[in-house]
Peer 1: 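So that we are looking at the same thing, I have put the structure below in structure tokens.
Quick note: numbers below take in every heavy atom, side chains included, and nothing from hydrogens, waters or symmetry partners. This is a predicted model, so every value here is computed, not measured. Residue numbers begin at 1 in each chain, while the letters A, B, ... track the order of the sequences.
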Amino acid sequence: MASDAGRPRQGRGGAQSRSEVRDVAGSYLAHHRKVARESALRLWHAPVASLMTWLVMGVALAMPVALLLLLGSLQGVSAGWESSARITTYLADDVSLEQAQRLRLEVGSRADVEGVELIDRDSALAEFRASSGLADALDYLDENPLPHTLLVTPPEVGRTAAAVEVLAAELEAMTGVARVQVDLGWLQRLNVLTQLLGRAVWVLALLLGGAVVLVIGNTIRLAIESRRDEILVAKLVGGTDAFVRRPFLYTGVWFGLGGGVVAWILLGLSLWWLSGPIERLATLYHSNFTLSGLPFDGALALLAMAMVLGWLGAWVAVKRHLDAIEPGVPAGS
Amino acid sequence: MIEFQQVTKRYGSDHTALKQVNFHLDRGELAFLTGHSGAGKSTLLKLIMLMERPSAGNVVVGGQVLNNMPRRQVPYIRRHIGVVFQNHQLLFDRTVFDNVALPLEVMGVPARDVGRRVRAALDKVGLLSKEKMNPMQLSGGEQQRVGIARAVVNKPPLLLADEPTGNLDPKLSADIMHLFEQFSQVGVTVLIASHDISLIHDMGRRTLTLEQGRLTGGMNHGL
Ligand SMILES: Nc1ncnc2c1ncn2[C@@H]1O[C@H](COP(=O)(O)OP(=O)(O)O)[C@@H](O)[C@H]1O
Ligand SMILES: [Mg+2]
């Protein structure tokens with residue numbers, strides 16, 4: 001504090017050059033603000049053209065985000081169903097029914113087991129005969145090839161995939177147990193499906209992102225053409241590339257922001273429209289499925305992403321078309 | 001201030017617009033550049049503005065050799081050169097004030113200095129009262145003066161003009177020329193390309209004459 005107070009006296013020159021630096025930085029920022037405002041106003045004054053671009057961008061952005069939301073909801077479903085996993089424990093062939101019943105009690109008394117059902121080999125065969133349609137073929141067998149089976153259900157609470165794995169391993173190690181199968185059935189299929197869908201969504205997002213960049217790039221190219229004179233004069237009086245690019249880059253960012261907002265609105269509307277039927281459907285199937293909306297930070301990320309894409313599109317156009325505009329032939333030649 | 005050393009400029013492979021041009025222009029000097037249409041006047045000015053690069057020889061401006069100036073540096077060189085064209089290249093989507101302010105904006109001059117400097121430049125060309133108008137509402141002579149105000153607003157040490165009086169009547173042309181004289185009196189180096197022989201004659205200044213790309217008169221000072 002004391003040394004701070006002494007500073008201004010000893011460093012007047014420094015303070016002055018610092019204020020100059022502040023001046024330059026200030027006018028630089030002021031220029032950014034001015035350009036940002038002017039390019040926003042330009043869009044505002046051509047509402048139809050701007051709206052078209054925003055809508056195209058909005059749709060292109062909303063699609064992958066909608067699929068991502070759906071994907072997130074599906075993953076929620078599979079997380080819920082993971083708890084319904086059952087462990088099928090096949091006993092060894094030489095285990096008698098009596099021994100199987102003892103094993104059932106032993107397994108049933110474990111803390112990490114909720115319930116055990118014993119399916120003896122005769123009823124297993126009967127069920128197989130009924131469900132497989134191989135009844136005739138089975139008649140040729142002179143003895144039942146199926147073992148006794150224990151269906152083990154892990155408890156509802158605190159059940160994780162890892163815990164189920166541990167339990168399965170311990171069951172397999174018991175004497176009299178031949179093989180253990182963790183049956184995730186359709187759940188696994190759903191998981192694979194969501195993974196596949198996940199990849200597809202990212203591919204789609206990439207393609208649509210590219211499309212957005214191209215759309216913005218083309219729009220900015222037209223803007224560059226229509227402001228050719230201005231660009232030439234600015235370059236003639238010593239405008240740097242950064243200076244002449246700036247309005248177009250801001251335009252791209254504003255296009256992006258508008259597109260992001262449109263996407264947000266589209267997502268909100270679709271969700272609102274779908275939420276009723278989905279809830280009814282979920283109730284019918286006793287499912288915990290809910291279609292989750294875009295959380296606030298997700299929406300902000302969407303807007304930021306849209307702005308980045310808009311900027312990128314503008315950058316592509318600017319690199320290709322603006323840098324090529326050089327003060328040409330002055331009159332009188 | 002400007003020095004050409006054996007400067008040759010070819011367009012394409014066959015057409016030579018300037019052939020081994022040598023001359024030297026002092027600080028604060030006012031000179032004319034004359035010659036028939038197609039003699040290479042505009043080309044010579046474009047070399048100074050870095051709108052074209054010489055095919056051979058050196059162009060030196062303010063002690064800097066421009067030949068291998070990287071593209072990145074070009075804007076900073078141009079900020080030291082004011083240019084006026086026959087078609088004045090004003091922007092009709094903004095006011096006279098904003099047209100003149102453009103070079104300052106490009107340089108990042110703080111807003112509070114811009115107003116003062118733009119008005120000083122407009123005052124010098126006698127258009128202070130028209131700052132809020134659109135250039136389209138002005139006469140040809142007035143538009144040309146806006147162009148001059150824009151060229152001098154950042155006080156460049158060098159002023160180039162390409163046919164600045166091209167489509168003005170003799171009285172207005174003389175006015176414009178006197179404006180250029182005033183700038184040279186305060187130390188600005190001025191080079192004016194024009195094929196208006198009678199006007200140039202009346203001014204009695206050094207005259208560089210181009211004939212089919214060759215400098216045939218005015219190479220030496222004092223004539
Ligand atoms: N960009 C260009 N490409 C090809 N030839 C050009 C170009 N600019 C000028 N020229 C040619 O160079 C010669 C000199 O042109 P210029 O310098 O404009 O003459 P002036 O200004 O004296 O009328 C002319 O023959 C013109 O056709
Ligand atoms: Mg010419």
Peer 1: Any residues in residues 240-255 of chain A near chain B, with a heavy-atom distance under 4.5 Å, and which are they?
Peer 2: T240(A), D241(A), F243(A)
Peer 1: Are there residues of residues 313-320 of chain A whose heavy atoms fall under 4.5 Å of chain B's heavy atoms? If so, which?
Peer 2: none
Peer 1: Sort by residue number and list every residue of residues 63-82 of chain B having at least one heavy atom under 4.5 Å from chain A.
Peer 2: R71(B), P75(B), Y76(B), R78(B), R79(B)
Peer 1: So, the side chain of S27(A) versus the backbone of V109(B): is there a donor-acceptor pair under 3.5 Å, distance only?
Peer 2: no
Peer 1: Do R150(B) and V237(A) come within less than 4.5 Å of each other through their side chains, counting heavy atoms only?
Peer 2: yes
Peer 1: Using a 4.5 Å cut-off on heavy atoms from C-beta on, say whether the side chain of D93(B) contacts that of E230(A).
Peer 2: yes
Peer 1: Flag yes if more than 12 heavy atoms outside H32(A) fall under 6.0 Å of its NE2 atom; otherwise flag no.
Peer 2: yes
Peer 1: Take a 6.0 Å sphere around CZ of R27(B) and say whether it holds more than 12 heavy atoms from other residues, nucleotides or ligands.
Peer 2: no
Peer 1: Quick one: do Q89(B) and D229(A) satisfy side chain to side chain contact (heavy atoms under 4.5 Å, CB included)? Show the steps, please.
Peer 2: CA-CA 8 Å; Q89(B) 307 215 342; D229(A) 287 346; over 6 Å; no
Peer 1: Using a 4.5 angstrom heavy-atom cutoff, name the option from A111(B), P110(B), G40(B) with the most pairs to chain A.
Peer 2: P110(B)
Peer 1: Hey, does M51(B) have a side-chain heavy atom less than 4.5 Å from the side chain of E326(A)?
Peer 2: no
Peer 1: More than 12 foreign heavy atoms under 6.0 Å from CD of E38(A): is that the case here?
Peer 2: yes
Peer 1: With a 4.5 angstrom heavy-atom cut-off, is it the side chain or the backbone of K34(A) that approaches chain B, or both, or neither?
Peer 2: side chain
Peer 1: Keeping to residues at least two apart or across chains, list the ring pair (Phe, Tyr, Trp, His ring centres under 6.0 Å) pairs with something in residues 94-118 of chain B.
Peer 2: none
Peer 1: Identify which of M49(B), R94(B), E52(B) forms the greatest number of heavy-atom pairs closer than 4.5 Å to chain A.
Peer 2: R94(B)
